[in-house]
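Residue numbers begin at 1 in each chain, while the letters A, B, ... track the order of the sequences.
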There are 2 protein chains.
Amino acid sequence: MVVKQLIRTPKELLQSPSFLLKRLGTIAKDRTVEAFDSAGATAYSYAVLAVLEEGTRETQATIADSLCYDRSYLVGLLDELEQRGLIERRRDPADRRRHVVSMTAAGRKELAKLRAVHESVDEELFAVLTASELKTLQALLAKLAAAQDPRYSD
Amino acid sequence: MVVKQLIRTPKELLQSPSFLLKRLGTIAKDRTVEAFDSAGATAYSYAVLAVLEEGTRETQATIADSLCYDRSYLVGLLDELEQRGLIERRRDPADRRRHVVSMTAAGRKELAKLRAVHESVDEELFAVLTASELKTLQALLAKLAAAQDPRYSD
DNA sequence: TATTGTTATACTCTATAACTATA
DNA sequence: TATAGTTATAGAGTATAACAATA
């Protein structure tokens with residue numbers, strides 16, 4: 001019988017935290033895309049709705065900046081959310097160049113649904129860790145993120 | 001004086017470990033690309049050289065699989081490394097479809113250089129963590145990665 | 001002249017498929 | 001017929017630039 005040799009990634013790479021971050025980031029992204037796709041949505045629309053829940057006075061520029069999305073990319077996202085009745089765009093009377101974006105009741109309902117999708121991804125991805133390990137990991141990642149970008153600070 | 005409001009990513013996302021993994025993975029990738037670019041190389045060629053150091057009997061298929069690269073993508077990488085005299089491709093006499101790939105002395109020298117580049121990325125990226133925190137993080141990420149893909153196991 | 005939202009364009013990756021030579 | 005390496009093609013995703021309206 002031929003025993004197929006197990007192909008491994010080099011130890012040198014596996015011992016590098018940045019390598020692991022890159023690979024795990026990719027895995028997390030793939031899982032997220034898949035899960036939201038099955039729910040007929042995207043991680044992007046979930047993120048936008050999550051921003052809107054924390055304050056309705058947002059304008060498009062601040063929404064894009066808070067998520068590190070390009071402003072031109074946000075346009076298409078909002079178009080779709082508006083078409084589905086999940087958000088509203090209104091001209092700001094004080095500055096008619098601006099749009100004030102707010103979430104509708106339907107949007108809040110959709111957010112709850114997408115939040116559940118996202119939570120299930122987290123649960124599955126980190127199932128191998130104990131509750132205490134996950135807590136530690138979350139804290140370390142948060143500390144790291146905050147150090148890289150002020151947007152990620154508490 | 002106008003105090004510009006600090007734009008933050010929603011707490012809901014910052015508390016999600018998978019979201020943090022995705023963002024930190026992207027940051028790690030960007031830093032890596034930048035650092036290798038300045039050194040006139042890529043993270044891909046570093047990874048290939050790192051594989052070759054762990055065993056010279058590798059064939060192209062096993063190299064690609066161990067790094068999760070597409071086999072067709074590996075071709076161009078090897079072309080460049082071969083042109084620069086860092087690796088050698090030889091037909092396997094036992095199966096003339098195969099190429100046996102091995103690293104040259106120049107390749108080993110280049111690997112040492114790229115290893116230093118990669119280490120400096122790690123150092124800078126994780127500078128905010130204590131040695132103990134970094135060790136904990138590395139262990140948790142390794143455990144997580146191993147659970148997702150057998151290639152990442154020890 | 002600068003900025004907001006928008007539209008259009010270009011470019012980089014990646015994924016797939018097709019091809020050759022060997023088995 | 002199947003596989004290793006190679007080449008070519010197509011699609012998705014992203015980044016950049018141009019544009020109209022308003023300040």
query: Do the side-chain N or O atoms of B/R71 get closer than 4.0 angstrom to the phosphate oxygens (OP1, OP2) of D/dT6?
result: no
- prompt: Could you walk me through whether A/D79 and A/R89 pass the salt bridge (charged side-chain N to carboxylate O under 4.0 Å, His left out) check?
  reply: CA-CA 9 Å; A/D79 287 347; A/R89 271 193 273 216; 2.3 Å; yes
task: Measure from CG on A/L74 to P on D/dA15 and round the result to the nearest Å.
output: 14 Å
message: Whole angstroms only, please: what is the OH-P distance between A/Y73 and D/dA12?
response: 13 Å
task: Nearest whole angstrom, please: distance from the C1' of D/dG5 to the CD1 of B/I87.
output: 13 Å
message: In whole Å, I'd like the distance from the CG atom of B/D30 to the P atom of C/dT12.
response: 16 Å
- prompt: Considering residues at least two apart in sequence or located in another chain, which fulfil the side-chain contact (heavy atoms from CB on, under 4.5 Å) criterion with B/A106?
  reply: B/L86, B/T104
query: What is the distance from CZ of B/R98 to C1' of D/dT6, rounded to the nearest Å?
result: 16 Å
Side chain to side chain contact (heavy atoms under 4.5 Å, CB included) partner of B/L141, chosen from A/L140, A/L21, A/L14: A/L21
- line: Rounded to whole Å, the CG-C1' distance (B/L77 to D/dG5) equals 14 Å
task: Please list, chain by chain and in numerical order, all residues satisfying side-chain contact (heavy atoms from CB on, under 4.5 Å) with B/E119, sequence neighbours excluded.
output: B/R115
message: Output the rounded distance in Å from CD (A/Q60) to C1' (D/dT22).
response: 15 Å
- request: Report, as a single string ordered 5' to 3', how protein heavy atoms within less than 4.0 Å touch nucleotides 16-23 of chain C: B base, S sugar-phosphate only, - not at all.
  value: B-----BS
message: Using modelled atom types and a 3.5 Å cut-off, is there a donor and acceptor pairing between side-chain atoms of A/Q148 and backbone atoms of B/I27?
response: no
- prompt: Tell me: NE2 of A/H99 to P of D/dT22, nearest whole Å?
  reply: 10 Å
Phosphate OP1/OP2 of C/dT6 contacted by A/R89 side-chain N/O (<4.0 Å): yes
message: Tell me whether the rings of A/Y46 and A/H118 are parallel (<30°), tilted (30 to 60°) or perpendicular (>60°).
response: tilted
